[in-house]
Amino acid sequence: MTKNQRAEELKKILIVGSGGRENSIAWALSKNQSIEQIYVFPGNGGTANFEKCICLKLKAEDEKTIISECKRLEIDLVIIGPEVPLAEGLANKMREAELTVFGPGKDGAQLEASKEWAKALMIENNIPTAKYWSTRSKEEALEILKRFNQPMVVKADGLAAGKGVTVCETIEQTKESIKEIFSGKFGSAGNKVILEEKIEGPEVSIFALCDGEKLVVLPPAQDHKRLLDGDNGPNTGGMGAYAPALLINEQDLKDLTELILVPTLKGLQKKKIKYIGVIYAGLMLTSSGPKVIEFNCRFGDPECQALMPLMGEEFASVLFACARGGLEDAPKLTFKSECSACIVAASKGYPENPQKGKKISINVESSSSLQVFHAGTTIDGFDNIVTSGGRVFSIVAQGETFDKAFDLAYSNLKGISFDGMHFRKDIGYQVRNI
Ligand code: AMP
Ligand code: GLY
């Protein structure tokens with residue numbers, strides 16, 4: 001089968017997820033002329049804004065119903081956005097049903113779903129990461145701390161919606177965090193705990209699209225995890241991002257690919273895991289070299305929203321080729337050489353207890369260099385768009401420079417309003433003149 005025939009077979013896609021990430025993937029894929037229909041399950045209030053995109057409505061939200069609906073609709077490619085369904089094995093069940101899926105199985109998703117597992121994989125494959133200890137008991141954790149005698153980073157082993165990490169400033173705070181985590185703060189995610197040495201340096205994220213054996217690397221991005229300006233306040237899923245991150249140049253990215261991404265994929269292969277999907281490596285560039293602080297088994301949110309407008313038209317074919325295990329048949333993935341800026345607008349109370357049900361007014365004219373991606377939005381019984389989650393929108397803009405891209409994004413953000421809306425004013429401070 002030739003490469004072109006393969007690409008042409010891709011007519012119907014299902015994207016699983018409801019966030020800004022899935023909304024931006026749907027938008028990017030909708031630009032591909034040969035794709036006829038993109039379903040998003042469950043999608044959000046902005047899914048149907050893009051040509052060919054609709055929310056998939058199901059009678060029940062269980063795996064069986066999703067799979068039988070994929071069969072009935074003759075879906076050619078399923079893309080699974082969030083980590084939870086990946087860690088629960090949705091991709092495995094779909095592949096058993098002979099669907100073509102972009103997203104790792106339960107085994108590969110452990111890269112994100114178990115920090116202990118990911119750490120062991122890094123050690124086995126000489127991938128640089130912070131020193132760590134893994135434990136299942138509070139007493140042992142306190143003993144490790146006593147011996148280490150420095151403030152540490154305390155991490156729940158399992159998925160904790162981005163909240164399972166505490167970077168402690170003092171030994172006393174480390175003790176408190178250990179006690180807290182073993183008292184069940186993160187439920188079963190905290191049954192196992194990782195204690196890590198604290199490392200320092202700027203953070204950058206790198207991404208590979210994998211077909212099980214080979215990979216293609218995307219431009220690096222930088223996220224802004226803290227809620228408030230100046231990197232203050234609690235950790236969130238991410239309040240903004242930009243790409244490409246200028247902290248690393250083309251040669252650095254090549255070196256990091258050889259140092260981190262290739263050995264990770266090879267390490268997975270050694271475990272007989274055919275990893276199809278995104279390997280996302282969150283790095284810290286320390287004075288003793290780059291080190292991995294986390295892996296994710298999916299696109300980042302909101303990094304994905306910043307990246308999607310940079311993707312060349314081949315993006316759909318490349319995802320499809322990965323899912324079919326034949327990246328060598330895919331066209332070369334190209335990237336627009338622009339600066340892309342993404343700002344997240346969040347609800348009052350995010351991340352702890354976001355307000356919902358607030359009416360949204362949107363007066364933004366999208367263009368080839370400006371996109372509005374919905375996240376926590378829904379359409380109520382009166383056809384109003386209302387808030388339904390913590391992160392409500394991402395506004396994304398591109399320009400020749402980051403100053404131009406951020407100016408365009410921030411000036412258009414004024415066109416969106418809802419009660420309690422807040423956003424960071426300093427996203428991209430690393431690359432802007434502010
Ligand atoms: P994670 O949820 O694993 O992304 O961690 C959240 C944040 O904690 C990261 O973005 C880092 O800023 C910080 N962090 C994680 N591990 C370490 C470490 N070993 N040393 C210092 N900071 C860390
Ligand atoms: N923005 C970070 C993440 O998606 O985990």
Side-chain angles (χ1 to χ4, degrees), residues 17 19-22 24-25 81-84 86-87 109 111-119 122 128-134 148 150-169 173-174 177 181 186 189-190 193-207 218 220-227 231-243 245 277-288 290-307 342-344 346 350-351 373 375 390-391 394 424 427:
R21 168 182 46 213
E22 290 76 25
S24 69
I25 296 172
E83 63 278 18
V84 171
L86 291 167
L111 260 194
E112 178 167 359
S114 169
K115 294 201 193 303
E116 183 186 48
W117 193 90
K119 279 286 194 185
M122 287 189 258
T129 186
K131 271 199 213 112
Y132 79 104
W133 293 261
S134 162
F148 193 66
Q150 281 175 47
M152 299 179 92
V153 183
V154 181
K155 300 188 172 185
D157 176 67
L159 295 179
K163 293 179 193 155
V165 173
T166 313
V167 182
C168 301
E169 298 303 325
Q173 194 195 348
T174 315
S177 294
I181 207 164
F186 302 111
V193 169
I194 304 292
L195 297 176
E196 236 175 68
E197 83 172 308
K198 233 169 106 171
I199 54 176
E200 271 174 26
E203 290 180 43
V204 64
S205 303
I206 57 172
F207 316 92
L218 304 184
Q222 211 167 13
D223 187 14
H224 297 64
K225 285 208 165 77
R226 300 299 195 96
L227 181 69
D231 289 328
N232 290 309
N235 263 328
T236 69
M239 294 298 292
Y242 67 89
V278 179
I279 297 178
Y280 166 141
L283 312 180
M284 207 169 245
L285 306 178
T286 74
S287 54
S288 56
K291 293 187 178 172
V292 176
I293 47 174
E294 65 161 348
F295 279 121
N296 292 325
C297 63
R298 47 159 179 99
F299 286 106
D301 185 334
E303 296 91 321
C304 187
Q305 292 90 305
L307 283 169
C342 166
I343 303 151
V344 169
Y350 177 72
F373 296 128
R391 291 187 292 174
S394 304
R424 275 181 63 164
I427 303 297

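Ligands are counted one by one from 1 in listed order, and the atoms in each one are counted from 1 as well.
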Engineer: If hydrogens are left out, which of Glu294, Lys155, Glu112 has an atom nearest to atom 16 (N) of ligand 1, that is, the closest non-hydrogen atom?
Structural biologist: Lys155

Engineer: Heavy-atom distance to atom 19 (N) of ligand 1: which of Lys291, Met152, Glu196 wins?
Structural biologist: Glu196

Engineer: Applying a strict 4.0 Å limit to heavy atoms, is Met284 in contact with ligand 1?
Structural biologist: yes

Engineer: Counting heavy atoms only, which part of Glu197 comes closer than 4.0 Å to ligand 1: side chain, backbone, both or neither?
Structural biologist: backbone

Engineer: Applying a 4.0 Å heavy-atom criterion (strictly less than), which segment of Phe299 is in contact with ligand 2: side chain, backbone, both, or neither?
Structural biologist: neither

Engineer: Within the 4.5 Å heavy-atom criterion, are Arg391 and Thr236 side-chain neighbours or not?
Structural biologist: no

Engineer: Is the shortest heavy-atom distance from the side chain of Val154 to the side chain of Cys168 under 4.5 Å?
Structural biologist: yes

Engineer: Can Glu294 be said to touch ligand 2, with heavy atoms closer than 4.0 Å?
Structural biologist: no

Engineer: Would you check whether Arg21 has a nitrogen or oxygen atom less than 3.5 angstrom from a nitrogen or oxygen atom of ligand 2?
Structural biologist: no

Engineer: I'd like to check which ligand 2 atoms, numbered from 1 as shown, lie under 4.0 Å from a non-hydrogen atom of Arg298.
Structural biologist: 3 (C), 4 (O), 5 (O)

Engineer: Any side-chain heavy-atom pair from Pro302 and His224 closer than 4.5 angstrom?
Structural biologist: no

Engineer: For Lys131, look at atom NZ and say whether over 12 heavy atoms of other residues, nucleotides or ligands are found less than 6.0 Å away.
Structural biologist: no

Engineer: Compute the shortest N/O to N/O distance between Lys198 and ligand 1 and return yes if it is under 3.5 Å, no if not.
Structural biologist: no

Engineer: Quick one: are Arg424 and Arg226 in side-chain contact, heavy atoms under 4.5 Å?
Structural biologist: yes

Engineer: I'd like to check which ligand 2 atoms, numbered from 1 as shown, lie under 4.0 Å from a non-hydrogen atom of Tyr280.
Structural biologist: 2 (C)

Engineer: Any side-chain heavy atom of Lys119 sitting closer than 4.5 Å to one from Thr129?
Structural biologist: yes

Engineer: Side chains of Val153 and Val165: closer than 4.5 Å at any heavy-atom pair?
Structural biologist: yes

Engineer: In terms of atom number and element, which parts of ligand 2 are under 4.0 angstrom from non-hydrogen atoms of Gly300?
Structural biologist: 4 (O)

Engineer: Could you check whether any side-chain heavy atom of Glu169 comes within less than 4.5 Å of a side-chain heavy atom of Pro151, counting everything from C-beta outward?
Structural biologist: no

Engineer: Of the options Val167, Leu195, Thr166, which is the one that meets Met152 in a side-chain contact (heavy atoms from CB on, under 4.5 Å)?
Structural biologist: Leu195

Engineer: Between Asn235 and ligand 1, does any nitrogen or oxygen pair lie at a separation below 3.5 Å?
Structural biologist: no

Engineer: Taking only heavy atoms of Ile199, which atoms of ligand 1 are found under 4.0 Å from at least one of them?
Structural biologist: 18 (C), 19 (N), 20 (N), 21 (C)

Engineer: Within a distance under 4.0 Å of any heavy atom of Asp223, pick out the atoms of ligand 2 and give their elements.
Structural biologist: 1 (N), 2 (C)

Engineer: Is ligand 1 under 4.0 Å from a heavy atom in the side chain of Val153, in the backbone, in both, or in neither?
Structural biologist: side chain

Engineer: With a cut-off of 4.0 Å, which atoms of ligand 1 are near a heavy atom of Glu203?
Structural biologist: 9 (C), 10 (O), 11 (C), 12 (O)

Engineer: What distance do Lys115 atom NZ and Ile293 atom CD1 have between them, rounded to the nearest 0.5 Å?
Structural biologist: 9.5 Å

